[in-house]
Participant: 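Attaching a single structure in structure tokens format; questions to follow.
For this chain, numbers begin at 1 and follow the sequence in order.
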Amino acid sequence: MSDDLLLNQIDPELLSETLQLALRLGLFLASVAIAPQIGRSLPLLLWQVLKWNQNYTEINARDVYKRYVKPVQNLIAVMGGLIFVALNLNWLIIYEELYGFLGFFVYSALSIGLLWFASQATRQIIRQSVIHLVKRWFGEVNEIVLVFETLIYIVIVLVAIVIFARGLQLDLFTLSASLGIGGVAVAFASQQALGRLVGTLELYLDRPYLPGEYIRVTFNPYAEEVYGRIESIGLRSTKIRIVARNTVTIVPNSMMASLNIENISRGKKIMAILCLNFNKLLKEGECALVRQIIDRETIVFRDLDRASTQVQFESSENNGHTRARAIFFLTGSSRNSVELRKGLLELANEAIAQKLAAYNITFTTPDPIVYIDSPMSI
């Protein structure tokens, strides 16, 4: 009878709120209890997904799991458990003080775990895949791996901060403004460091020069050009050994990425000699026509040194025919570009024959086109 009297004296609304709090808190504690089992099941789930995906793709599930998942399977289990707890923390979101108190520990652990897991996973991916790609692209493993790794770590830290702040429902803009002058100074210093890293990344992606190549660059528009050999490309700067003085100039990569650089070593210039044997003696007008057609059909070459193009004629009264020798200079920035221009020159030879045949002028090419490497002028 006393218990019924006590229940009648309790406010029903308060009783409902208490029961709701107990239920939500119980669900959250239950999620904490089963979180380790949820986390440990994630590697097994990934293994099943890989096996299923193996039926539709060419990946080797066992190899992928062994290389990428197994080395970090414990971290995957921990992160899975923490994420599960963080999601179930939303049961208490209507209780701001309790949510903030528990959320500080939950999201702190989640942010630290994310940093640790992402750093280990990044290191594993770089060792297993990125190093092989860099070696295939650049011929050797160099500082570009460190550049990518550093940039990824910066992104990981920023993501962890955002997750922590969003989890506790903190306003990032207000938090940044509250840092005051100290935050501005840190941001300015970070901007300079990030600028150097971005400059280094641009150099490695665009590759305007490589170690061992000679370049010509102007640092001061009122001073002479600098001509030197690339000694090395580091994370922060490029070392250039100046020709004649034999001194080394160290230039920040962010500055090198913004300069106009002339790469002397990559200047390819090839002399192509095309011989045409005409079955008759050409008159002066016909020789001029041959020059005109050759010039017109080779105008498609963007990197043809037209000032150096020559067409020479030799007439033999005894044999009754004229030989023409066309000399071209092909330029390009790489071996592939030069090879492309060689192929275009072969096509131009056929076009020249068709145009001259329309004027009843035929010729034969006794020899294939001769290509001679010609050094670029420095």
Participant: Can you measure from CG (N60) to CG (L50) and round to the nearest 0.5 angstrom?
Facilitator: 10.0 Å

Participant: Please report the closest heavy-atom contact between S237 and I250, naming both atoms and the distance.
Facilitator: OG-CG2, 3.3 Å

Participant: Counting only heavy atoms from other residues, nucleotides and ligands, does the tally under 6.0 Å from CG of N360 exceed 12?
Facilitator: no

Participant: Please report the shortest heavy-atom distance between I230 and L210, naming the atom on each side.
Facilitator: CB-O, 3.5 Å

Participant: Can you tell me how far OG1 of T218 sits from CD of E225, rounded to the nearest 0.5 angstrom?
Facilitator: 4.0 Å

Participant: Does a sphere of radius 6.0 Å around CD in E284 hold more than 12 heavy atoms from other residues, nucleotides or ligands, not counting ones at 6.0 Å or beyond?
Facilitator: no

Participant: I need the single residue from F363, Y359, F313 that forms a ring pair (Phe, Tyr, Trp, His ring centres under 6.0 Å) with F278. Which is it?
Facilitator: F363

Participant: Above 12 or not: heavy atoms from other molecules or residues under 6.0 Å from NZ of K280?
Facilitator: yes

Participant: Testing the basics here: between N277 and R323, what is the closest heavy-atom pair and its distance to 0.1 Å?
Facilitator: OD1-NE, 2.8 Å

Participant: First locate atom CG of L27, then atom CG of L89, and finally report the distance between them rounded to the nearest 0.5 Å.
Facilitator: 12.5 Å

Participant: Might you point out which heavy atoms bring E213 and P208 nearest each other, and give the distance in Å?
Facilitator: OE1-O, 4.4 Å

Participant: If you draw a 6.0 Å radius around CZ in F101, do more than 12 non-hydrogen atoms from other residues or ligands fall strictly inside?
Facilitator: no

Participant: Check the hydrophobic clustering (I, L, V, M, F, W, Y; side-chain heavy atoms under 4.5 Å; chains of links allowed) and say if L29 and V106 are grouped together.
Facilitator: yes

Participant: Is it possible for you to say whether I93 and L25 belong to one hydrophobic cluster, with membership spreading through side-chain heavy-atom contacts below 4.5 Å?
Facilitator: yes

Participant: Do the side chains of L87 and I83 get nearer than 4.5 Å, heavy atoms only?
Facilitator: yes

Participant: Could you tell me whether a side-chain N or O of N279 sits under 3.5 Å from a main-chain N or O of H321, the two making a donor and an acceptor?
Facilitator: no

Participant: I would like to know whether F28 and W91 meet ring-ring contact (aromatic ring centres under 6.0 Å, His included); could you show each step before the answer?
Facilitator: CA-CA 7 Å; F28 171 71; W91 288 110; over 10 Å; no

Participant: Measuring only between side-chain heavy atoms, which start at C-beta, is W47 closer than 4.5 Å to V69?
Facilitator: no

Participant: Do I112 and L110 share a hydrophobic cluster, counting only Ile, Leu, Val, Met, Phe, Trp and Tyr and linking them when any side-chain heavy atoms are less than 4.5 Å apart?
Facilitator: no

Participant: Closest heavy-atom contact between M79 and L114?
Facilitator: SD-N, 3.5 Å

Participant: Taking atom CG as the centre, does N260 end up with more than 12 heavy-atom neighbours from other residues, nucleotides or ligands that are less than 6.0 angstrom away?
Facilitator: no

Participant: Is there a path of hydrophobic side-chain contacts, each under 4.5 Å between heavy atoms of I/L/V/M/F/W/Y residues, joining L44 to I34?
Facilitator: no

Participant: Report yes if some heavy atom in the side chain of L21 is under 4.5 Å from a heavy atom in the side chain of L98; otherwise report no.
Facilitator: yes

Participant: Is the backbone of I38 close enough, under 3.5 Å, to the side chain of S41 for a donor and an acceptor to pair up by distance?
Facilitator: yes

Participant: I'd like to know if the side chain of N88 and the backbone of V32 have a donor-acceptor N/O pair within less than 3.5 Å.
Facilitator: no

Participant: Taking C-beta and beyond as the side chain, do Y99 and N90 meet within less than 4.5 Å on heavy atoms?
Facilitator: yes

Participant: Taking everything shown except E96 itself, do over 12 heavy atoms lie less than 6.0 Å from its CD?
Facilitator: no

Participant: Heavy-atom distance under 4.5 Å between the side chains of Q20 and Y95, does that happen here?
Facilitator: yes

Participant: Between atom OG1 of T249 and atom NZ of K239, what is the distance when rounded to the nearest 0.5 Å?
Facilitator: 11.5 Å

Participant: Take M256 and I215 through the test side chain to side chain contact (heavy atoms under 4.5 Å, CB included) and record every step on the way to the result.
Facilitator: CA-CA 12 Å; M256 292 297 294; I215 65 169; 4.1 Å; yes

Participant: Please state whether the rings of Y214 and Y227 are parallel, tilted or perpendicular, taking 30° and 60° as the class boundaries.
Facilitator: parallel

Participant: Would you check, one step at a time, whether the test side chain to side chain contact (heavy atoms under 4.5 Å, CB included) holds for V217 with Y209?
Facilitator: CA-CA 11 Å; V217 63; Y209 52 79; over 6 Å; no

Participant: Output the distance between atom CG (L82) and atom CG (L75), rounded to the nearest 0.5 Å.
Facilitator: 10.5 Å

Participant: Give a yes or no on whether W116 atom CH2 has more than 12 heavy-atom contacts from other residues, nucleotides or ligands under 6.0 Å away.
Facilitator: no

Participant: How far does CD1 of I327 sit from CD1 of I273, to the nearest 0.5 angstrom?
Facilitator: 5.5 Å

Participant: Side chain to side chain contact (heavy atoms under 4.5 Å, CB included), that's the test. Do I294 and L274 meet it? Break it down for me.
Facilitator: CA-CA 11 Å; I294 291 177; L274 172 63; 6.0 Å; no

Participant: Is there a side-chain contact between R24 and I94 (heavy atoms, below 4.5 Å)?
Facilitator: yes

Participant: Under a 4.5 Å cut-off applied to non-hydrogen side-chain atoms, are P211 and I233 in contact?
Facilitator: yes

Participant: Should F84 and L92 be counted in the same cluster of Ile, Leu, Val, Met, Phe, Trp and Tyr side chains packed under 4.5 Å apart?
Facilitator: no

Participant: State, to 0.1 Å, how close P43 and Q73 come at their nearest heavy-atom pair, and which atoms those are.
Facilitator: CG-O, 3.7 Å

Participant: Would you find a donor on one side and an acceptor on the other, under 3.5 Å apart, between the side chain of D295 and the backbone of Q292?
Facilitator: no

